[in-house]
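I have placed the structure first, in the form of C-alpha cells, so that the comments after it can refer back to it.
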There are 2 protein chains.
Amino acid sequence: MSRATIKDLAKKLGVSPSTISRALSDHPDISENMKEKVRLVAEELNYTKNRRASGLRKNESNIIALIIPEINMFFMPELIYGVNLEAEKSGLSVAIFQSDNSLEKEKELLKYCLEMSFCGVLLCLSVETKNLSHIDKITKKEMPVVLLDKVLNTQNYSTITIEDELAGYQAAEYLHQKGHSSILSIFGNPDLSITNLRKDGFNKALQNYTDFPSKHISLEIENILSLDSELETILTSNKNISAIFCMSDELLVNTHHLLMRMEYKIPEQISLLSISDGFVPYYLYPNISHLHHSGFEVGVVAVNELLENQTDNPNHIKVKTKLFEMESVKEFY
Amino acid sequence: MSRATIKDLAKKLGVSPSTISRALSDHPDISENMKEKVRLVAEELNYTKNRRASGLRKNESNIIALIIPEINMFFMPELIYGVNLEAEKSGLSVAIFQSDNSLEKEKELLKYCLEMSFCGVLLCLSVETKNLSHIDKITKKEMPVVLLDKVLNTQNYSTITIEDELAGYQAAEYLHQKGHSSILSIFGNPDLSITNLRKDGFNKALQNYTDFPSKHISLEIENILSLDSELETILTSNKNISAIFCMSDELLVNTHHLLMRMEYKIPEQISLLSISDGFVPYYLYPNISHLHHSGFEVGVVAVNELLENQTDNPNHIKVKTKLFEMESVKEFY
DNA sequence: GGAAAACCCGCAAACGTTTGCGGAGGTTTT
DNA sequence: AAAACCTCCGCAAACGTTTGCGGGTTTTCC
C-alpha cells in the first residue's frame, strides 16, 4: 500500500487534482467549504505531500547543505547549532554531510548537493583540499557556496572565519595587562594558516608594549607527541616563566597534563591561557581562562551570507573571539 | 542560464531523450559509439542529473536520515562516523538533522523525511519524547524507522542501545578485582532508564561478591550543582573510601574537580572509574580508566538493522561496553 | 433586467527522468 | 529466399505536483 497522492484525494472527493493542490496551499480561489473537505479527507487518507514532485515542479528547494570534514567535539556542535537556528528563521532545513576529510568525498558530496538541487551549500573544507578548482568545476555557479571555518584564499566565494590574528593579539595583551612579562607561548603546526595568524597577532602585541621584556619563549609543535619533552626542558631551565599561552585545545590539554605531572599549581605557580572552542577549559582543573571562538556565530553569519548575498561580490567576514576569564591566570607582580 | 537537461543533450545530438537516459545509465541497448558521444556532450554542456526527477520516476531513494537531539561532543561524533561508514558500503548517503531536543521539531523532521521519501530514518529521541505514538501517526509504516541510543520500550521498532546494565556490572567487578572494598558510587538522574540500568548492574555485582563489605555508599545526583557539597560531606566523613565510580562523563568531570580542589592524589589516595563516551578521560589528569561505550558500533549496527530487517519483527540489540584501563585505578590491599 | 464582477473550479501542460513496447534496418539461420 | 534474430533507437506514458488560462455559475450594481 503506497502513499496517498493528490489524485487519490481528488478521486475520493470527485474534484480535480488542481483543486486539491490549491486547497492544500490555501489558495484564495478555493472556497472555505471545499478547503475543509479537503483537509478532512487528507487527514483520513493520511496524505503527505511528495516534496520531490513539488520541488521538481516548482523548481525550488528549502534545504541547505552543510558539508563538514568531521564532527569533532569542539567547534562543530556549536556551529551546527548556529546554522540550524538561523536556517529555521527562514523556514529552511539543514542537512549535514561529512566528508571524512577526504577531497574525493568532498567532491562527491558537492555533486550530490547539486543533483539534489539544494538551495545552497555551506562548505567547511577537508584537510586534503588545497585549492578550490573542484568547486567551480562541479557547481558551475549553479548553486551558491559559502566557505566557513576551514577556508582558502579566494575571490570567488564568501568566507566566514575566526578572527585568528586578533585572538592572538588579545591573548598577549591580556597577559601583559595581568602583569606577566616572562611568557612561554606554544603554537601548533606551522603549515596551517591559523597557526601563523595567531602567532602574528601574539607577536604584534608583544612589540606594541615596549615594557614587555625580551624574555619571551616561543614553541612551535609540529607533532604533539614531542610537546612533553620539549616543554619539560624549557620549564626546568627557565624557572622564571610566569605564564603559558596555548593557541589550541590540543596543546592546552597536553600542556596541562605535563604541568600536573610536574606538580605545578595553577595559577599560583604558573598561569595558563588558551584559545579554545569552549569545552576543554571547563573540564580541566582549575577552569582555564581562554579566548573563545564561537562556532555558533560563524554558523549564523554563514547562513545569512548564503541567503542574502546572491551577487558576485563575495564577502570575507571574520568573527571575533571573546575573552572568558576563569581561574587559570593570576595577577603577577 | 539553468542547468542542462537530458532533453538538451538529446536536441544537441539529434536523438531522443530515452537514448540519452539509457546511454548515461550504460544500458546494453545503446551502442558504444552513441554512449561515447553522449558522454562527450554531457561533459560539454556540464550536465548533472536531477535527482528529484529521477527519484520521482524511479520511486527510490538512496539517502538515509539520522535525527539526533543535539550534536554533543561525546557520543555523537563517533555515532555519526559509524553511520556514515556503514551507509557508504551500501552506496547510501546520510543526511543528519538536529531536533534540538524538541518533540515538536522531532515530529516536523519525521514528517519532512517522509515527504522527502528518504529510504529510512535512524532516530535518537529527544528528551521531551515520552512515548512513540507520534512516529506511527506520521510515518504510518511507510518508511522504516530504527531507534538508537536514546530509546523507549517498544515492540514496534528495532532499537540499538548500549549494554548499560552490563557496564555497571563490569565496573563493580573491576573495582572488586582490584581489591577495592570501600566504594562510593555516583549515579545521575533517577528518572532516566540508563541510570537505573547501570545502577542495577552495579548493585548486582556487589551482591555476587560475598567478600564485598557492606561499606558501599551510593549517591544519586538529580541536580549536578548539588554534587560538590554532597560529595565533600561524604568524603570528609568517610576517610576510608578507596574508590569512586561515576556513571557518566558529567559526573566524572565534577567529581574530578572536587578531588583536585581537595588535593586528593589520583590514584595514590583515591581511585576513580567511570563509564564514558571516550574523550573526557583523556583530558583529565591522570587519564581516567573507564568503560567505553562505542557510538561507532551503535551507528554501524543501526544502519544494518535499518537496511536488512524489513520485516515486522523488531530486534533489540545492545552494544557492549569495553574496559579501557588507564591511570586512575590502583591495586588496593 | 442586463452587464459586469466575483467566486469557484477544471483542463492540460509542464518540471526532468525512466521504461515498456515496438519497429526499422541489418545479419544470421533454415 | 523467406524466416528468425539481433542491434539500436524512438514513442509515449508515467512518477506527483503546480499553475496559467478559461469557463460556468452566482452575486452585485446601476
Side-chain angles (χ1 to χ4, degrees), chain A residues 1-39 41-42 45-63 111-112 114-119 142-143, chain B residues 1-39 41-42 45-63 111-112 114-119 142-143:
Chain A
M1 182 52 198
S2 76
R3 282 158 54 176
T5 73
I6 280 191
K7 291 181 185 172
D8 298 328
L9 306 198
K11 208 162 291 174
K12 181 116 182 176
L13 278 177
V15 298
S16 84
S18 345
T19 302
I20 305 292
S21 174
R22 280 189 262 252
L24 290 172
S25 56
D26 206 28
H27 193 285
D29 267 8
I30 306 297
S31 66
E32 268 311 320
N33 191 0
M34 175 64 79
K35 284 179 186 171
E36 187 55 28
K37 286 200 286 186
V38 170
R39 270 191 287 266
V41 87
L45 298 188
N46 199 255
Y47 168 80
T48 56
K49 90 148 67 166
N50 183 324
R51 271 185 199 267
R52 292 197 288 208
S54 166
L56 176 61
R57 170 59 219 241
K58 295 204 292 184
N59 195 29
E60 73 177 28
S61 164
N62 54 348
I63 178 163
K111 182 146 169 280
Y112 193 84
L114 183 63
E115 293 177 354
M116 291 290 284
S117 310
F118 291 150
C119 63
E142 308 270 8
M143 181 178 55
Chain B
M1 182 52 198
S2 76
R3 282 159 53 175
T5 73
I6 280 191
K7 291 182 185 172
D8 297 327
L9 306 198
K11 207 162 292 173
K12 181 115 183 175
L13 278 177
V15 299
S16 83
S18 348
T19 302
I20 305 292
S21 174
R22 280 189 261 252
L24 290 172
S25 56
D26 206 27
H27 192 285
D29 267 8
I30 306 297
S31 66
E32 267 311 319
N33 191 359
M34 176 65 79
K35 283 178 186 171
E36 188 53 29
K37 286 200 287 187
V38 170
R39 271 191 287 267
V41 85
L45 298 188
N46 200 254
Y47 168 80
T48 56
K49 90 151 65 169
N50 183 324
R51 272 185 200 268
R52 291 196 288 209
S54 164
L56 175 62
R57 170 59 219 243
K58 294 204 293 185
N59 195 29
E60 73 177 29
S61 164
N62 53 348
I63 179 163
K111 182 144 167 280
Y112 192 85
L114 183 63
E115 294 177 354
M116 290 290 284
S117 310
F118 290 151
C119 63
E142 309 268 8
M143 182 178 55

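Values below: all heavy atoms of this structure, side chains included; hydrogens, waters and symmetry mates excluded. Here is the naming used below: chain letters follow the sequence lines, and residue numbers restart at 1 for every chain.
Nucleic acid contact class of Ile6(A) (heavy atoms, under 4.0 Å, all strands): sugar-phosphate only.
Among the nucleotides dT18(D), dT18(C), dT19(C), the one closest to the side chain of Lys49(B) is dT18(C). Of the listed nucleotides (dA13(D), dT18(D), dG16(D)), dA13(D) has the atom at the smallest distance from the side chain of Arg57(B). Comparing dG16(C), dT18(C), dC11(C) against the side chain of Ser21(B) picks out dT18(C) as the nearest. In the set dT17(C), dC9(C), dT17(D), the nucleotide with an atom closest to the side chain of Tyr47(A) is dT17(D).
For dC8(D), neither phosphate oxygen OP1 nor OP2 lies less than 4.0 angstrom from any side-chain nitrogen or oxygen of Lys35(B). Look at Lys7(A) and you'll find a side-chain N or O under 4.0 angstrom from OP1 or OP2 of dC15(D). In this structure, Ser54(B) reaches the dT18(C) phosphate: one of its side-chain N or O atoms is under 4.0 Å from OP1 or OP2.
Per the geometry, CG belonging to Asn59(A) stands 12 Å off C1' belonging to dA14(C), to the nearest Å. As rounded to whole Å, 14 Å separates atom C1' of dG16(D) from atom CG of Leu114(B). Rounded to an integer number of Å, the gap from Asp8(B) CG to dC15(C) P is 10 Å. If you take CD of Glu115(A) and C1' of dT18(C), they are 16 Å apart, rounded to a whole angstrom. In this entry the distance linking CG of Leu9(A) with P of dT18(D) reads 12 Å, nearest Å. When the P atom of dT18(D) is taken as reference, atom CD1 of Ile20(A) falls 12 Å away, rounded to whole Å. Note: CG (Asn50(B)) to P (dG16(D)) measures 16 Å, nearest angstrom. With rounding to whole Å, Arg52(A) atom CZ is found 14 Å from dA14(D) atom C1'.
Of all the residues in residues 25-33 of chain A, Asp29(A), Ile30(A), Ser31(A) reach under 4.0 Å from DNA chain C with at least one non-hydrogen atom.
Arg39(B) approaches Glu32(B) most closely through the heavy-atom pair NH2-OE1, 3.6 Å. Between Ala4(B) and Tyr47(B), the closest heavy-atom pair is O-CD1, 3.3 Å.
Counting atom types as modelled, Ser18(B) pairs a side-chain N or O with a base atom of dC11(D) as donor and acceptor under 3.5 Å. Checked by distance alone, Arg22(B) brings a side-chain donor or acceptor within 3.5 Å of a matching partner on the base of dG20(C).
Comment: Arg3(B) does not engage Glu115(A) in a salt bridge, judged by the lack of any side-chain N to carboxylate O separation of less than 4.0 angstrom.
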